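What follows is a short report on a single structure.
Quick note on labels: first sequence line is chain A, next is B, and so on, each numbered from 1. Everything numeric in this text was worked out from a predicted model, so none of it was measured.
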Amino acid sequence: MFSRWWKFGRDRFTDVDLFSDGSESAAETLSQAIRAAASQEPDADGSVLFGQLRGTVVGLRYYTGVVNRGEMVGLVREPHNPYDKNAVMVTNVLGRQVGHIRKELAAAMAHVMDNSLAKVEGVVYSGTNNSFSMPVTLSFLGSEENRDAVVKHMASRGFRLDADGGGAAGTRSPLGDLVFCTLTSGVTIPLTAEELKNAFDNLFEDLMESKDGEKEAAESVATPLLPHQKQALSWMCARENKDALPPFWEKRGDLYYNSLTCFSAKEIPERVRGGILADDMGLGKTLTTIALILTNFHKGKPLPVERCVSCHVESPPHFIQSKGGRDRRSRRGAGGRKVRTNLQSGHFSSNYVYPAPAKRSTNPLSANPAKVQAPLNLLTATRAVDEEICNTVCTEGLVLLEDLGFAAALSCTMSETKPKKKKAAEKCKLKQKSTDDLSAKATLIVCPLSVLSNWLDQFEQHLRSDVKPNVYLYYGSERNRSKTFLSSQDVVITTYNVLSSDFGNTSPLHGINWLRVVLDEGHVIRNPNAQMSKAALKLKAQRRWILSAGTPIQNSVKDLWMLLAFLRLKPFDVREWWNRVIQRPVIQGDRAGLQNLQTLVKCITLRRTKNSEVNGRRLVSLPKKTVYVEQVELSAQEREEYELARNEGRRTIGRYVAEGSVLKNYADVLAILMRLRQYCCHPDLIGKIAADLAPHHHAASADTPAELRQRLVEKMRLVLASGSDEECSVCLDSIRMPVITHCAHVYCRPCIAQVISSEQKARCPLCRSEIKTSELVEFPPEEMEDEKSVESDRWRTSSKVQALMGNLLRLRSEDVGLKCLVVSQFTRFLTVLQTPLREHGFSFVRLDGTMSQKKRTQIIQEFQSSAADSPRVMLLSLKAGGVGLNLTAASRVFLMDPAWNPATEEQCIDRCHRLGQERNVVVTKFIVKDSVEENMVKIQKKKQDLVEKAFGSASTDRKTSRIDDIRALLEV
DNA sequence: ACCGCCGGGTGCC
DNA sequence: ACCGCCGGGTGCC
């Protein structure tokens, strides 16, 4: 039994600690403040230990926070403390205040902390024999250049920084060894960079936690699950339902103890209901998640969904009759009133009548309060409201409400509900005591726009046709923003962009207590500074899931924090504890730290690869995939034009390199390369745009605003069309609604608008030039290209077109039913290809980034159809979909031009080489011989090797490294 | 706090 | 009595 000590011997303090609501809410706001401060905490990767010293925590008796022997404590500056502006507050892992650092020491530390000369961390190694103060060991960490200043400053105040922990060595607990072994003398041999990289690569390999169980989906799921999907379902249900403690927590007697921070508490730590499902693409994460939603509602029961014979539309209304109800409901906050507003402005279909506040007699609805009609769970916007109504109903005995808890206890069919109304009333009373919050009902799915339609399809596809859960697509300007409405759905689907643009305004999504939030492609929130990451963190939910194709981390252990924070994995959702306990030890090669990280990840992640096996059998057997490279020879005339352009480009770029102005002329350099790549495909791709943009033009040269605007538009077009996979530096995602600044950097409009509005004097995140909203330039509305210029009458062929058509004609003669994807980065090339396709009688569809979501869905459906007259060819723009698109009807892929990023090509191929593909897949990559394309392929290979070798060093500036690519490409 | 510090009461033994 | 000594009140920042 570990020696447990409480700093309060007297019971009254314990009582205060446990039962005082006041202190609870104070602690809540305090921990929020700490969390806010901690989110700004830098990674402090290169920090070294300056030394340690022993200090004293005083004033323990005034606060409720408790600390155990060996526990880490937080140190928070309190510059506004009315008694001492140097005050340093001490908190425990939960953020509860423990005391203060004694003022003399605090005065010395304040200077160090306020000037960020060092980060100070505290650990309480030994107990105290009184209830007024206790010793604390403080470690000062920072970058080497500040060491002297810190040591001197502390010394001048009479505090000597010791290398060995200020005499704490003798009393060091095992935790001290664990955290500091690499900081002090080499007790253990640190991991080599190589070992670390390997360990890190394998972090997400084959985390098949749930070998033990399989679970069948609810009967409303029509598609039979594969064995590995049943495993996943079983694991996910267990993660949601079981009361297992989070990793590193254990029960010790009456207390819950965290073995990493040594924190212990009487209250059970908040459990992580959810985790990371990181299966490889094609293993059916979407289906599994749908199965989870349908199978695991409250208390492990399936989601009650409507069964109807002549199946259509909404669930039947559920009635509430209550005389007192309206008065109570009138106390509702904005939610209720908002509904009314929407109702009055006619946004709702007349199927629904909403309860409304009764206080205003002008409200037409209050005229007849006796009978209020609402769809299922309309009144459960907040738990308070729910219970209020519940109470009303129970006490007055007018029970006609389908209570959620009640519904949960039933099997799916509604017909059974009627005889059990008395139980519903009992349930009402019970519910208040239950720890589970049953008011939450809806699952929110957040995904990239590209997979939005996929989710809808899959709900349609995998459910029994007579089962209609309420699935609402929260997207588009007409979206229904009513919280009451949204929280009454079974499933709400939205995109990261909608989520982050709603965030900051009065986001209904953030006002709802979700049953479950699912982040699809969840690795997109890895940057904690990005707006959409912040928005995701603020969602309220009982269960949280991250779906991720493959390992959700890219470069380093840092990427993991955001995921753990989203999952609310205590205590690591506060950055400081993550840094101290996991990130710094791992980066510094601490084996124990790595071990802890592995344990952590293993507990919350399920990941299988396409190659994983269950009982010696592959999870899924995908058909074979073969990739061919077909070399294309340019005709004599094409070669001549190409060489001309190449020589000119070499000269220009050579000059830029000599001047050192490559970065400044980035767009021009891309333009030159682009032109060469376009020549490789088809001469008509080089529109007047590229020709106009002579490389000697500079944005700096004075010209009319119209000219400037025009040139900025051209630059933006080039940057976006370059196929170089530009991402917005604010949200780190692909650029949507592009705008270009006067300093010629391209961002998403909402992202940069946010930046500008958040600062007095906004600066470009890339070059720090001053920027204004009024100076953002976007594409003119008539932008839709003069496609005519490449249309039929003046049409000519090219070697690459010939190569493709040869293949297509041959394939058609072999197999009429065969479907092909024809992929290019240049939408104009797709347009060029339409002519010969039409000429040879191919039926085809086209999918590119300019299409609306609705149109996309329609086209994909058309292409996927097995009807005899369905399209044989899809012209696909490489960047049109991103991951997730399902194009399994095709089994041949033609990649018309190489991409900078080989992963983009892989993703594209995987759209048809995935679960559901029944034929062998053959991929043909066209590469023009002796051209920029061949060099691009070489660079692709080199890059891949580099990525495989280097670990953590991939953070080199993307643009600089691309300029090295460019130099290599042109051999300058 | 079984401390230190403060300030009032007190004053040979 | 401009001290010492005693004992009660008191105590984070």
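B:dA1 has its base stacked against the ring of A:Phe132, the centroids being under 5.5 angstrom apart at an interplanar angle below 30°.
Applying the 90° cutoff around 0 to the glycosidic angle, B:dA1 is assigned anti.
In this structure, A:Glu78 places its CD atom 12 Å from P of C:dC13, rounding to the nearest Å. Whole-Å rounding puts the A:Leu105 CG to C:dC12 P distance at 17 Å. Going from atom NE2 of A:His100 over to atom P of C:dC12 covers 11 Å, rounded to whole Å. The CZ atom of A:Arg61 sits 6 Å away from the P atom of C:dC12 (whole-angstrom rounding). Atom CD of A:Glu104 and atom C1' of B:dC5 are 13 Å apart (whole Å). Following rounding to the nearest Å, A:Ile101 (CD1) and C:dC13 (P) show an atom-to-atom distance of 11 Å. In this structure, OH of A:Tyr62 is placed 9 Å from P of C:dC13, rounded to the nearest angstrom. Atom pair A:Leu60:CG and C:dC13:C1' shows a separation of 12 Å (rounding to whole Å applied).
The gap from the C1' atom of B:dG11 to that of C:dG4 amounts to 9 Å, rounded to the nearest Å. Taking atom C1' in both C:dC3 and B:dC12, the straight-line distance is 15 Å, to the nearest Å. Remark: the separation of the C1' atoms in C:dA1 and C:dC6 is 15 Å, to the nearest Å.
Of the candidates A:Arg273, A:Arg271, A:Arg543, A:Arg543 is the only one forming a side-chain hydrogen bond (donor to acceptor under 3.5 Å, both in side chains) with A:Glu240.
Taking the centre and axis of the six-membered ring of A:Phe50, the NZ or CZ atom of A:Arg147 falls outside the cone set by 45° and 6.0 Å. Cation-pi geometry between A:Arg575 and A:Trp561 is met: the NZ or CZ atom falls under 6.0 Å from the ring centre, inside 45° of the normal.
Taking only distance into account, the side chain of A:Tyr63 meets the base of C:dC12 through a donor-acceptor pair shorter than 3.5 Å.
A:Lys103 has a side-chain polar atom (N or O) that falls below the 4.0 Å cut-off from OP1 or OP2 of C:dC13.
Across all strands shown, the partner of B:dG11 is C:dC3, judged by Watson-Crick or G-U wobble contacts whose two distances both fall under 3.5 Å.
A pairwise comparison of heavy atoms in A:Leu509 and A:Trp514 identifies O-NE1, 2.9 Å as the closest pair.
Defined by atom type and a distance below 3.5 Å, a donor-acceptor pair is missing between the side-chain atoms of A:Ser139 and A:Glu121.
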